[in-house]
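The structure under discussion appears below in the form of structure tokens.
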Amino acid sequence: MSIENKLSLRQLRAFVAIYRLGRLGIAATHLSVTESAVSIMLRQIESTLDMRLFDRTSRGLEPTAAAHEAIVLAERILGDVASLGDNFRELNEKRRGQVHIVITPTVGITLLPSIVRRFREAYPGVRVILDDCAPDQFLSRVLAGPVDFGIGTLENEEPMLESRPLLRDHLCLVCADDHPLAGRRQVRWKDLGGYPLIAVRSGLGYGMRRKLEAAAASVGVQLQVSNEVNFLSSALWMTAGGLGVSVWASALVAQTPFDNLVRCKLIAPRVPSNISVVSKRGSSLSPAANSFLEIVADEMSALDTL
């Protein structure tokens, strides 16, 4: 068995205490153990190293040349261990570290500003890394990247990923306040027939387009897609400009920079569009990442959904 498997940190601390204090009794008091325990640990170290570290004299213990060499390495090892402990303590207390999150621009701009602000105020020493990407890159980024989790939608089961709902939401209709459907509190899917629709393009991820087409098909409505977009921001300015109506998760459009936009509940059928935390299956979260998710859950519980 190699030396590193025989020596313990407890023995190294005993060696350093004896070296610095010169007497077994004083070293024992410093270590809060008995003098016999310190004596045993010293004999164990010398036996392991097959080398005498101290000469016994009437004045106490005198370090040998080997001890003078060993003390530098021993104190360095104990210092490194102490630094490691401090590092983990700071991580556990969220005084340092980082939280790495995958999001889409839509989720980032609509849901995260207040969340990130609250987190930074509570844990100023923790860095927040936002890996914003296109929706069709979302799942691959969570799978492949060195990230803690993603915030978005996991439409289909993925063996290597798991998701937990943060917000249970539904699709809603978004239109300009002068649109014929704007005055209705509830709009049925079959009422969308004949109106120009601004829709996310097919295959973009999240399955939003599939949701629209499946809901319309279930009631026999042919959607009139007049414009296709990649991001919510484009859909909003086009909708505000009177180019058509659009359909999104209600929480994402609860607040918009366009004063003339209104939301209407879409019914018959109601189509869920939940926001979830998505992570690699079996992965553990750091204390900082868990605290971030606690703030996310608290903020999302207060969101205005239809």
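The basis for the numbers below is simple: all heavy atoms, side chains too, and nothing from hydrogens, waters or symmetry mates. For reference, positions follow the sequence shown, starting with 1. If you're wondering where the values come from, they're calculated on a predicted model, not measured in any experiment.
Contact check for Arg117 versus Glu299: no side-chain heavy atoms found under the 4.5 Å cut-off. At a threshold of 4.5 Å between non-hydrogen side-chain atoms, the residues Val126 and Phe119 count as touching. No side-chain heavy atom of Pro105 sits less than 4.5 Å from a side-chain heavy atom of Ser233. By the 4.5 Å heavy-atom criterion applied to side chains, Phe292 and Ile115 are counted as neighbours. Proximity of Val271 to Trp189: side-chain heavy atoms (C-beta onward) are separated by under 4.5 Å at one or more points. Within the 4.5 Å cutoff, no side-chain heavy atoms of Thr104 are placed close to those of Asp132. Side chains of Val277 and Val296 form no contact here, defined as non-hydrogen atoms less than 4.5 Å apart. The shortest distance between side-chain heavy atoms of Val200 and Asn230 does not fall below 4.5 Å.
The backbone N or O of Pro272 sits less than 3.5 Å from a side-chain atom of Lys211, completing a donor-acceptor pair. A donor-acceptor distance shorter than 3.5 angstrom exists from the side chain of Thr64 to the backbone of Arg52, with no hydrogens or angles considered. Here the side chain of Asn260 pairs a donor or acceptor atom with the backbone of Ala240 at under 3.5 angstrom. Side-chain atoms of Glu75 do not come within 3.5 Å of backbone N or O of Val72 as any donor-acceptor pair. Between the side chain of Thr106 and the backbone N or O of Phe231 there is no donor-acceptor pair closer than 3.5 Å. The backbone N or O of Asn274 lies less than 3.5 Å from a partner atom in the side chain of Thr153, making a donor-acceptor pair. Judged by distance alone, with hydrogens and angles left aside, the side-chain atoms of Asp148 form a donor-acceptor pair with the main-chain N or O of His100 at under 3.5 Å. No donor-acceptor pair under 3.5 Å is formed between the side chain of Arg201 and the backbone N or O of Val229. With hydrogens and angles disregarded, no donor-acceptor distance shorter than 3.5 Å links the side chain of Ser283 to the backbone of Ser279. Without hydrogens or angle criteria, Asp80 side chain to Ile77 main chain gives no donor-acceptor distance under 3.5 Å.
Here ring pair (Phe, Tyr, Trp, His ring centres under 6.0 Å) pairs that include residues 46-84, with residues two or more places apart or in two chains, are Phe15-Phe54, Tyr19-His68.
Nearest heavy atom pair, residue Ala176 against residue Val262, reads O-CG2, 4.3 Å. Across all their heavy atoms, Gly108 and Pro113 have their closest contact at O-CD, 3.2 Å. The two atoms that bring Leu243 and Pro196 nearest to each other are O-CB, 3.9 Å, heavy atoms only. In terms of heavy atoms, Leu24 sits closest to Val38 at CD2-CG1, 3.8 Å.
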message: salt bridge (Lys or Arg N to Asp or Glu O under 4.0 Å) for Lys280 and Glu162? Distances and angles first, verdict last.
response: CA-CA 6 Å; Lys280 289 187 281 289; Glu162 57 187 3; over 6 Å; no
- request: Would you sort out whether Thr256 and Trp237 count as a side-chain contact (heavy atoms from CB on, under 4.5 Å), showing the intermediate values?
  value: CA-CA 10 Å; Thr256 78; Trp237 70 255; over 6 Å; no
- prompt: What do the steps show when you test Ile101 against Ile151 for side-chain contact (heavy atoms from CB on, under 4.5 Å), and what is the final call?
  reply: CA-CA 7 Å; Ile101 309 162; Ile151 297 178; 4.2 Å; yes
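Side-chain contact annotation: Ser39 with Arg43, donor-acceptor N/O pair under 3.5 Å present. Between the side chains of Thr305 and Asp169, no donor-acceptor pair of N or O atoms lies under 3.5 Å.
For CZ of Arg270, the number of neighbouring non-hydrogen atoms (other residues, nucleotides, ligands) closer than 6.0 Å is greater than 12. By the neighbour-count criterion of 12 heavy atoms within 6.0 Å, atom CD1 of Ile109 is sparsely surrounded, having that number or fewer from other residues, nucleotides or ligands. Heavy-atom neighbours of Arg56 CZ from other residues, nucleotides or ligands within 6.0 Å: above the threshold of 12. The number of heavy-atom neighbours closer than 6.0 Å to CD of Glu69, taken from other residues, nucleotides and ligands shown, is 12 or below. Applying the 6.0 Å contact sphere to NE2 of His30 captures no more than 12 heavy atoms from other residues, nucleotides or ligands. Other residues, nucleotides and ligands contribute only 12 or fewer heavy atoms inside 6.0 Å of the CZ atom of Arg127. Around CD of Gln186, the count of heavy atoms belonging to other residues, nucleotides or ligands within 6.0 Å exceeds 12.
Under the side-chain hydrogen bond (donor to acceptor under 3.5 Å, both in side chains) criterion, Asp50 pairs with no residue at all, not counting sequence neighbours. Partners of Arg23 by side chain to side chain contact (heavy atoms under 4.5 Å, CB included), not counting sequence neighbours, listed by chain and number: Ile26.
Aromatic pair Tyr195/His179: centroids less than 6.0 angstrom apart.
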